Amino acid sequence: MKTKKNLKGLSIFFTVISIVWILPLLIVLMNSFKANTYVKTRTFAWPAGDMFVKWANYAKGLTFGNYPFLKSVWFSFVITILSTVLIILCTSMAAWYIARVNTVLCKIVYYMFVFSMVVPFQMVMFTLSKTADTLKLNKPWTIPVVYLGFGAAMAVFMFTGFVKDLPLEIEEAAAIDGAGPVKTFFVVVFPMLRPTMISIAILEIMWIWNDYLLPYLVLDRTKYMTIPIHIQYLQGSYGSVDLGAIMALITISIIPIIVFYLTCQKYIIKGVAAGAVKG
């Protein structure tokens, strides 16, 4: 009886927490269908009557300004996919080497990765901007190298913990069959990293897709804009701010990441738990 009461109490508690988290998304969605005046004056009201403008805000948001919004969507997609693939590929190989070659140097490198997770981005952002310009990393297909530097720490930490739990006998059997280190990794080890790989991909994609500051500092904004930069640019560069159109663009931008997260969320806890057993 006591257990049932505890479960009921937890259900109520987490229901309230869920509502608190979902409420901002619902407010953005509601305001995307309101006229601009009512977004400011009746923010929490349901869009009805004179407030309801149907799809007008979405049409205006997609055609507002001289820079096409779909172009920003494309650049965000390219940056997110390339960065995530690069992070997963490089960090999985690094983690495998660190876990299997248990030397003092590997331990130092590992703890350097771990330490970098606590370094604030603001400490390095100005130096990073200058370095990216010097090395010509200021384009959508080169900025993934910069994202690799910032996303590697968490990925190496999770991959290393997972690799340490993998049976070494499988890799030894591959070596006996004549497989070299490269073949052993890509044919034997890499497929077994799937749970942690999916978890890292979800976390990195959500971070990179929504990131504003790094692309703003590195990219040439006259040629390349990601979705967050595009929305901010519309808000601050055309005199009066159309909050309805901005809410519409925000809604469009969060739909893909919400769908992706809901599709893959079951892998997050599994991958994190698997990669955090040892470290």
Side-chain angles (χ1 to χ4, degrees), residues 1-36 38-49 51-55 57-58 61 73 76-77 80-81 83-84 87-88 117-118 120-121 150-151 153-155 157-158 161-162 194-213 226-228 230-232 235 243-277:
M1 189 62 136
K2 188 175 180 181
T3 304
K4 290 183 178 180
K5 289 182 178 179
N6 291 336
L7 291 175
K8 185 176 180 180
L10 288 174
S11 299
I12 295 173
F13 173 75
F14 285 114
T15 299
V16 173
I17 295 296
S18 300
I19 293 173
V20 171
W21 279 98
I22 294 173
L23 189 59
L25 300 179
L26 294 178
I27 293 173
V28 171
L29 180 61
M30 288 192 306
N31 285 294
S32 68
F33 292 101
K34 293 180 187 176
N36 186 45
Y38 296 106
V39 175
K40 301 175 183 178
T41 58
R42 303 188 63 184
T43 305
F44 301 99
W46 184 262
M51 291 188 292
F52 186 55
V53 294
K54 298 182 180 179
W55 300 99
N57 288 330
Y58 289 86
V73 174
S76 288
F77 179 81
T80 301
I81 297 301
S83 300
T84 303
I87 289 171
I88 289 176
M117 288 193 290
V118 302
F121 174 74
F150 284 99
M154 182 189 66
F157 174 74
M158 294 177 62
F162 188 82
R194 185 170 177 266
T196 301
M197 194 187 310
I198 294 174
S199 299
I200 292 172
I202 293 170
L203 297 174
E204 300 291 356
I205 286 173
M206 290 193 296
W207 162 50
I208 298 169
W209 180 267
N210 295 310
D211 188 29
Y212 168 78
L213 191 54
T226 59
I227 293 174
H230 188 106
I231 295 174
Q232 180 64 27
Q235 183 178 356
L243 291 177
I246 290 176
M247 293 294 177
L249 293 185
I250 292 174
T251 301
I252 293 174
S253 67
I254 63 178
I255 287 176
I257 205 67
I258 288 177
V259 172
F260 178 77
Y261 177 77
L262 293 177
T263 304
C264 303
Q265 64 174 334
K266 63 181 180 180
Y267 296 103
I268 292 181
I269 297 176
K270 182 179 179 182
V272 170
V277 174

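Values below: every heavy atom of this structure, side chains too, minus hydrogens, waters and symmetry copies. The structure presented is a predicted model; accordingly, all values stated were derived computationally and were not measured.
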Quiz item: For V118, which residues count as a side-chain contact (heavy atoms from CB on, under 4.5 Å) partner, sequence neighbours excluded?
Solution: F115
Exercise. Over all heavy atoms of both residues, which pair between D211 and P228 is shortest? Give the atoms and the distance, please.
Key: O-CG, 3.5 Å
Practice problem: Nearest 0.5 Å please: distance from the CZ atom of F150 over to the OG atom of S83. | Solution: 12.0 Å
Practice problem: Please say whether more than 12 non-hydrogen atoms of neighbouring residues, nucleotides or ligands are located less than 6.0 Å from CZ in F77. | Solution: no
Practice problem: Looking only at non-hydrogen atoms, find the nearest pair between V20 and P24 and report the distance. | Solution: O-CD, 3.2 Å
Self-check item: Residue pair P47 / M30: nearest heavy atoms and the distance that separates them
Solution: CG-O, 3.7 Å
Quiz item: Going from CE on M197 to OG1 on T84, what distance comes out if it is rounded to the nearest 0.5 angstrom?
Solution: 12.5 Å
Quiz item: Is the shortest heavy-atom distance from the side chain of N57 to the side chain of M247 under 4.5 Å?
Solution: no
Self-check item: Pairwise distance CH2(W46) to NZ(K34) - rounded to 0.5 angstrom
Solution: 9.5 Å
Practice problem: Please answer whether the main-chain N or O of V73 pairs with a side-chain N or O of S76 as donor and acceptor at a distance below 3.5 Å. | Solution: no
Quiz prompt | Rounded distance [0.5 Å steps], CG in L262 versus CD1 in I257 | solution = 10.5 Å
Exercise. Specify the closest pair of heavy atoms between S253 and I227, including all atoms of both residues, with the distance to one decimal.
Key: CB-CG2, 3.3 Å
Quiz prompt | Residues forming a side-chain hydrogen bond (donor to acceptor under 3.5 Å, both in side chains) with S32, sequence neighbours excluded | solution = Y58
Quiz item: If you round to the nearest 0.5 Å, how far is CE of M154 from CD1 of I87?
Solution: 8.0 Å
Quiz prompt | Check: L243 main-chain N/O paired with K40 side-chain donor or acceptor under 3.5 Å | solution = no
Practice problem: Could you pull out all residues at least two apart from N36 that satisfy side-chain hydrogen bond (donor to acceptor under 3.5 Å, both in side chains)? | Solution: none
Exercise. Please name the pair of heavy atoms, one in F260 and one in I205, separated by the smallest distance, quoted to 0.1 Å.
Key: CZ-CD1, 3.5 Å
Self-check item: side-chain contact (heavy atoms from CB on, under 4.5 Å) against T43, all qualifying residues, sequence neighbours excluded
Solution: I27, N31
Practice problem: List for me each residue that meets side-chain contact (heavy atoms from CB on, under 4.5 Å) alongside I22, sequence neighbours excluded, and say none if there are none. | Solution: L26
Quiz item: Any side-chain heavy atom of I258 within less than 4.5 Å of one from L25?
Solution: yes
Quiz item: Among all residues two or more places apart in sequence or in another chain, which pass the ring pair (Phe, Tyr, Trp, His ring centres under 6.0 Å) test with W209?
Solution: none
Practice problem: Drop me the distance from I88's CD1 to I198's CD1, to the nearest 0.5 angstrom. | Solution: 9.0 Å
